[in-house]
**Student:** 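The structure follows.
Whatever order the structure lists them in is the order used to number ligands and atoms, beginning at 1. Count residues from 1 along the sequence.
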Amino acid sequence: MKMGRSRANELSQERGRAFAFGGLSPSLALSLALVLTLVDVPGVTALDNGLALTPTMGWLHWERFTCNVDCVEDPENCISEQLFMQMADLMVSEGWKDVGYEYVCIDDCWLASKRDENGRLKADPKRFPSGIRHLANYVHSKGLKLGIYQDVGTLTCAGYPGSYGYYDIDAKTFADWGVDLLKFDGCNSKDLESLVEGYKYMSFALNKTGRSILYSCEWPLYMRPFQEPNYTEIRQYCNHWRNYGDIFDSWSSVKSILAWTASKQESLVPAAGPGGWNDPDMLVIGNFGLSWDQQVTQMVLWAIMAAPLFMSNDLRHISPQSKSLLQNADVIAINQDPLGKQGYRLRKDEDFEVWERPLSNLAWAVAVFNQKEIGGPQNYAFSTAALGGGLGCTPACLITRILPVKEELGLYEWTSQLKVRVNPTGTVLLKLQTFQQHKSFH
Ligand code: GAL
């Protein structure tokens with residue numbers, strides 16, 4: 001049962017084919033039941049390292065730069081220390097850091113093909129001539145944090161030396177270098193037991209170093225084909241965890257992640273909370289594959305899902321429109337809301353989905369997603385009584401449209417109809433502020 005890269009890809013495709021939408025009944029009674037199940041489950045214990053109290057924000061190289069190791073032909077885009085230094089520079093100079101993006105993360109293909117004579121990992125000497133410790137110092141000097149990648153098995157997914165048999169030594173190496181986050185992949189494990197034990201062992205090994213190292217896992221993704229993941233357990237070891245196959249720079253990929261997440265929301269949503277999050281993979285906003293409306297959909301739904309926000313794009317070449325979306329303070333505030341509850345799909349009609357997320361201070365984020373891929377903008381009307389488990393607009397609420405364009409929509413009562421106009425494959429994001437009935441003391 002060795003799981004190499006191609007097996008993992010096959011599995012995610014199998015999973016892709018097995019999706020079913022299974023739409024929820026739009027009736028208020030059912031919505032209420034769902035809201036109560038999803039919102040009132042008490043949070044399970046999280047990995048106690050004090051990290052990821054809100055979803056992690058940063059930049060990760062994989063989707064945009066993959067395993068490009070050709071620094072001769074493509075020096076600007078190969079996986080090298082220069083790439084990460086440039087991204088760190090831009091994170092500061094272009095305002096990314098100011099809005100919350102903090103971790104600059106290396107993915108696969110940074111390693112030399114062999115460990116050193118003491119069994120320690122080393123970076124490819126041509127592409128990282130100054131070494132990872134130097135890169136970490138550089139990133140820290142900018143007020144940012146450095147993330148790195150390894151794998152629980154014998155080899156990484158791209159075939160570089162994995163951590164199996166070296167968990168303690170690798171954790172210590174990362175701590176010595178000043179690394180702040182470890183993305184731990186799940187390729188090339190002997191069997192399910194070694195996968196699970198390896199993920200747990202590495203969590204302890206990181207903890208033992210005494211350095212705060214955020215731990216990003218792919219444990220449930222690799223486990224699911226064999227066994228339903230136990231999120232109560234996973235949450236005790238990891239700060240976030242990938243559940244589903246790799247994101248691609250395409251609308252079909254974003255859509256499949258959303259459909260899968262909604263289909264599994266009864267188990268995923270209660271697992272998320274401060275310290276531990278479901279990770280639907282990187283933001284591909286600012287690349288080649290998504291239209292403007294699709295980029296809005298990704299940003300909004302990743303905020304509703306309380307997802308870690310790891311951009312995988314080229315910050316040296318990004319349109320002002322994509323940049324303003326990724327830096328939109330209102331949508332980031334929803335993603336980072338301190339209540340720390342993941343949102344869910346509330347209803348699904350033929351062409352529309354309504355998602356909502358409870359926020360702190362009696363507020364709600366509501367997303368209306370138009371799945372129709374033909375025609376122009378569509379109107380969608382629904383009753384405010386359905387929102388927030390029937391309480392979102394009881395007795396009234398103030399509604400602001402956040403995206404695609406910000407506008408105060410005014411006061412709504414619980415008997416109101418709300419009408420939004422949504423572009424094909426686009427999403428409208430609303431924020432509702434509930435008014436409570438104030439008790440009179442006289
Ligand atoms: C995949 C992982 C990706 C990326 C890649 C590197 O399995 O899910 O996010 O890290 O390996 O080879």
**Student:** Hey, are the side chains of Met299 and Ile285 touching, using non-hydrogen atoms and a 4.5 Å cut-off?
**Tutor:**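 Yes. Closest side-chain heavy atoms under 4.5 Å.
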**Student:** Under 4.0 angstrom from ligand 1, any heavy atom of Asp246?
**Tutor:**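 Flag set, Asp246 near ligand 1.
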**Student:** What do we get for Thr156 next to ligand 1 when only non-hydrogen atoms under 4.0 Å count, side chain, backbone, both or neither?
**Tutor:**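 Neither; nothing of Thr156 gets under 4.0 Å from ligand 1.
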**Student:** To the nearest 0.5 Å, what is the distance between CZ on Phe174 and CZ on Arg120?
**Tutor:**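 That separation rounds to 10.5 Å.
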**Student:** Could you tell me how the ring of Phe369 sits relative to the ring of Trp251: parallel (under 30°), tilted (30 to 60°) or perpendicular (over 60°)?
**Tutor:**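 Aromatic pair Phe369/Trp251 classed perpendicular.
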**Student:** Got an N/O contact under 3.5 Å between Trp62 and ligand 1?
**Tutor:**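 No, Trp62 has no N/O under 3.5 Å of an N/O on ligand 1.
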**Student:** Does any part of the side chain of Met87, heavy atoms only, come nearer than 4.5 Å to the side chain of Arg316, both counted from C-beta?
**Tutor:**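 Sidechains of Met87 and Arg316: in contact.
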**Student:** Under 4.0 Å from a heavy atom of Arg242: give me the atoms of ligand 1 that qualify, with their elements.
**Tutor:**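 Taking each heavy atom of Arg242 in turn, ligand 1 has 8 (O), 9 (O) under 4.0 Å.
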**Student:** Asp293: what forms a salt bridge (charged side-chain N to carboxylate O under 4.0 Å, His left out) with it, not counting sequence neighbours?
**Tutor:**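 Asp293 satisfies salt bridge (charged side-chain N to carboxylate O under 4.0 Å, His left out) with no other residue.
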**Student:** Could you please spell out the steps behind the ring-ring contact (aromatic ring centres under 6.0 Å, His included) verdict for Tyr138 and Phe84?
**Tutor:** CA-CA 10 Å; Tyr138 186 82; Phe84 298 97; over 10 Å; no
**Student:** Which atoms of ligand 1 have any heavy atom of Tyr222 under 4.0 Å away?
**Tutor:**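 Answer for ligand 1: 7 (O).
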**Student:** For ligand 1, which atoms, with element, lie under 4.0 Å from some heavy atom of Asp107?
**Tutor:**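 Checking each atom against Asp107, I get 4 (C), 6 (C), 10 (O).
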**Student:** So Tyr231 and Trp241, would you call those rings parallel, tilted or perpendicular, with 30° and 60° as cut-offs?
**Tutor:**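 The rings of Tyr231 and Trp241 sit tilted, inter-plane angle from 30° to 60°.
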**Student:** Relative to the heavy atoms of Cys157, which atoms of ligand 1 are at a distance of less than 4.0 Å?
**Tutor:**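 Numbered from 1, ligand 1 contributes 1 (C), 7 (O), 11 (O), 12 (O).
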**Student:** Could you list the atoms of ligand 1 found under 4.0 angstrom from a heavy atom of Asp108?
**Tutor:**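 By the 4.0 Å cutoff, the relevant atoms are 6 (C), 12 (O).
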**Student:** Which atoms of ligand 1 have any heavy atom of Lys183 under 4.0 Å away?
**Tutor:**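 Within the 4.0 Å cut-off of Lys183, ligand 1 contributes 3 (C), 4 (C), 9 (O), 10 (O).
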